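In what follows, a structure is listed as C-alpha cells, so that the remarks can point back to it.
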Amino acid sequence: MHAFLLLPFLLWSAPPTTYPELKASIIARRTELGAVYARSDRKDTVITAARAYLLTTIDAQFEHWKGTPWDFNGTTRTPGEGAIACGYFVTTVLQDAGFDLPRYKWAQLAAEPMIRKVAPTGKAFSDVPVSTVEAWLRGHGDGLYAVGLDSHVGFIRVKAGKALFVHSNYYQRAIGVMAEPLEGRNPLADSRYRYIGQLLNDDMVRRWLGHLPLGP
C-alpha cells in the first residue's frame with residue numbers, strides 16, 4: 001500500500017460546522033477508509049489512520065454536545081436540544097461516530113456491563129485516590145476511554161498527557177455535558193468504584209471499518 005493513498009485521510013483536520021454535517025462526513029469517511037482497508041496489504045497502517053481520524057472527530061462531537069442539559073430520562077439525539085442522560089450520551093456519541101450498536105438497550109445497562117460491550121478488557125479501581133487512576137491512564141497513553149462509576153458513566157479523553165472527564169453531569173444538571181479534570185467535585189472523584197476500558201483498540205476500529213456490530 002503506497003503511503004500517498006492514506007494522505008488525504010491523515011490530513012483531515014477541520015470538522016464540518018453543523019452536527020448533521022459532521023455525522024454525514026463520518027459515514028462518508030468510514031466508507032472511504034473501509035474501501036482502502038479492504039484492498040490494502042498494510043492494514044495496520046489503515047487502522048492507525050482510522051483511529052487518529054476517530055479521535056479527531058469524536059473530539060469534534062464533544063464540542064457540539066457541551067452544554068446539553070442532563071436529565072435522568074434524557075434521550076435527545078441533537079446536541080443543545082432537550083436533555084441527555086449519562087448512558088445515552090455515551091452510546092449516542094459512539095453511534096454517531098459510526099459504530100454499530102443498540103443505542104437504547106446499552107444506554108440502559110449498568111455502567112460496567114455497558115463498557116464491557118465496547119471494551120472487552122478493562123481495569124477496575126476500588127477505594128483508591130483519583131491520582132492512582134490518573135497514573136494508570138498516563139501509563140497507557142493518549143486515547144479515548146470509557147469509565148463506569150458507582151452510578152454514572154462517561155468518557156475519559158487523554159490528550160498530550162492530560163486527562164479530562166467528558167460526561168453528562170448530573171451534579172450540574174443545567175450545564176449537563178462538560179469536560180472537566182478528573183480531580184474535583186464530580187462523580188468520578190466521588191465514586192468509590194471505577195471501571196475503565198480503553199476504546200478504539202484494533203478490533204474496535206476494524207469493526208468500524210467493516211460496518212460490523214460492536215459487542216460479544
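Here the structure is a predicted model, which is why all the values come from computation and not from measurement. Each residue takes its place number in the sequence, starting with 1.
The side-chain heavy atoms of Tyr170 and Cys86, taken from C-beta on, include no pair separated by under 4.5 Å. Within the 4.5 Å cutoff, no side-chain heavy atoms of Thr91 are placed close to those of Lys105. Here the side chains of Leu55 and Arg157 are in contact, with some heavy-atom distance below 4.5 Å. Counting heavy atoms from C-beta outward, Trp208 and Leu33 have side chains that approach closer than 4.5 Å. Within the 4.5 Å cutoff, the side chain of Arg77 has heavy atoms near those of the Asp96 side chain. Between Met178 and His167, the closest side-chain pair of non-hydrogen atoms falls below 4.5 Å. You'll find the side chain of Phe89 reaches within 4.5 Å of the side chain of Val93, heavy atoms only. Within the 4.5 Å cutoff, the side chain of Leu137 has heavy atoms near those of the Leu182 side chain.
Side-chain N or O atoms of Arg185 include none that pairs as donor or acceptor with a backbone N or O of Tyr171 at under 3.5 Å. In this structure a side-chain-to-backbone donor-acceptor pair under 3.5 Å is missing from Asp71 to Gly176. Ser191 places no side-chain N or O within 3.5 Å of a backbone atom of Leu188 that could act as its donor or acceptor partner.
Both Ile115 and Ile58 belong to a common hydrophobic cluster when Ile, Leu, Val, Met, Phe, Trp and Tyr are linked at side-chain heavy-atom distances under 4.5 angstrom. Val158 and Phe125 end up in the same hydrophobic cluster when Ile, Leu, Val, Met, Phe, Trp and Tyr side chains are linked at under 4.5 Å. Residues Val166 and Ile175 do not share a hydrophobic cluster, defined by chaining ILVMFWY side chains whose heavy atoms lie under 4.5 Å apart. Under the 4.5 Å side-chain contact rule for hydrophobic residues, Ile27 and Leu94 do not share a cluster. Put simply, Trp136 and Leu144 are part of two different groups of oily side chains (I, L, V, M, F, W, Y) that touch within less than 4.5 Å, one to the next.
Scanning both residues, Val118 and Met204, for their nearest heavy atoms gives O-SD, 3.7 Å. In terms of heavy-atom proximity, Ala189 sits nearest to Gly184 at CB-O, 3.0 Å. Nearest heavy-atom pair across Tyr193 and Ser126 is CD1-OG, 3.2 Å. For Phe165 against Leu149, the heavy-atom pair with the smallest separation is CZ-CD1, 4.0 Å. Across Ala179 and Leu164, no two heavy atoms sit closer than the pair CB-CD1, 4.3 Å. His152 and Ser168 get closest at one heavy-atom pair: CE1-O, 3.0 Å.
Judged by a 6.0 Å distance limit and a 45° cone about the ring axis, Arg206 is not positioned over the six-membered ring of Tyr37.
In this structure, OG1 on Thr57 lies 12.0 Å from CZ on Arg30, to the nearest 0.5 angstrom. Once rounded to the nearest 0.5 Å, the distance linking CG of Leu199 with CG of Leu54 reads 10.5 Å. Here Gln61 contributes atom CD and Ile26 contributes atom CD1; the two are 4.5 Å apart, rounded to the nearest 0.5 Å. Of the inter-residue distances, the one linking Arg29 atom CZ with Thr56 atom OG1 reads 10.5 Å to the nearest 0.5 angstrom. How far CG of Asp202 is from OG1 of Thr48: 7.0 Å, rounded to the nearest 0.5 Å. How far CD of Gln198 is from NZ of Lys123: 14.0 Å, rounded to the nearest 0.5 Å.
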Would you sort out whether Lys159 and Asp142 count as a salt bridge (Lys or Arg N to Asp or Glu O under 4.0 Å), showing the intermediate values? CA-CA 5 Å; Lys159 189 173 183 179; Asp142 288 1; over 6 Å; no

For a side chain to side chain contact (heavy atoms under 4.5 Å, CB included) check, start with the C-alpha distance between Val133 and Arg194, then their side-chain angles and the critical distance, and finish with the verdict. CA-CA 9 Å; Val133 176; Arg194 308 171 185 105; 3.9 Å; yes

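Between the side chains of Arg103 and Thr92, at least one donor N or O lies within less than 3.5 Å of an accepting N or O.
Here Ala111 pairs with Val153 under the side chain to side chain contact (heavy atoms under 4.5 Å, CB included) rule; sequence neighbours left out. By the side chain to side chain contact (heavy atoms under 4.5 Å, CB included) test, Leu212 is found to be paired with Arg207, residues two or more places apart in sequence or in another chain being considered. Checked against side chain to side chain contact (heavy atoms under 4.5 Å, CB included), Thr68 has the following partners two or more places apart in sequence or in another chain: Trp65, Thr76, Pro79, Ile84, Val177.
Atom NZ of Lys43 sits in a crowded spot, with more than 12 heavy atoms from other residues, nucleotides or ligands closer than 6.0 Å.
Taking the six-membered ring for Trp and thresholds of 30 and 60 degrees, Tyr88 and Tyr104 have ring planes more than 60 degrees apart, a perpendicular arrangement.
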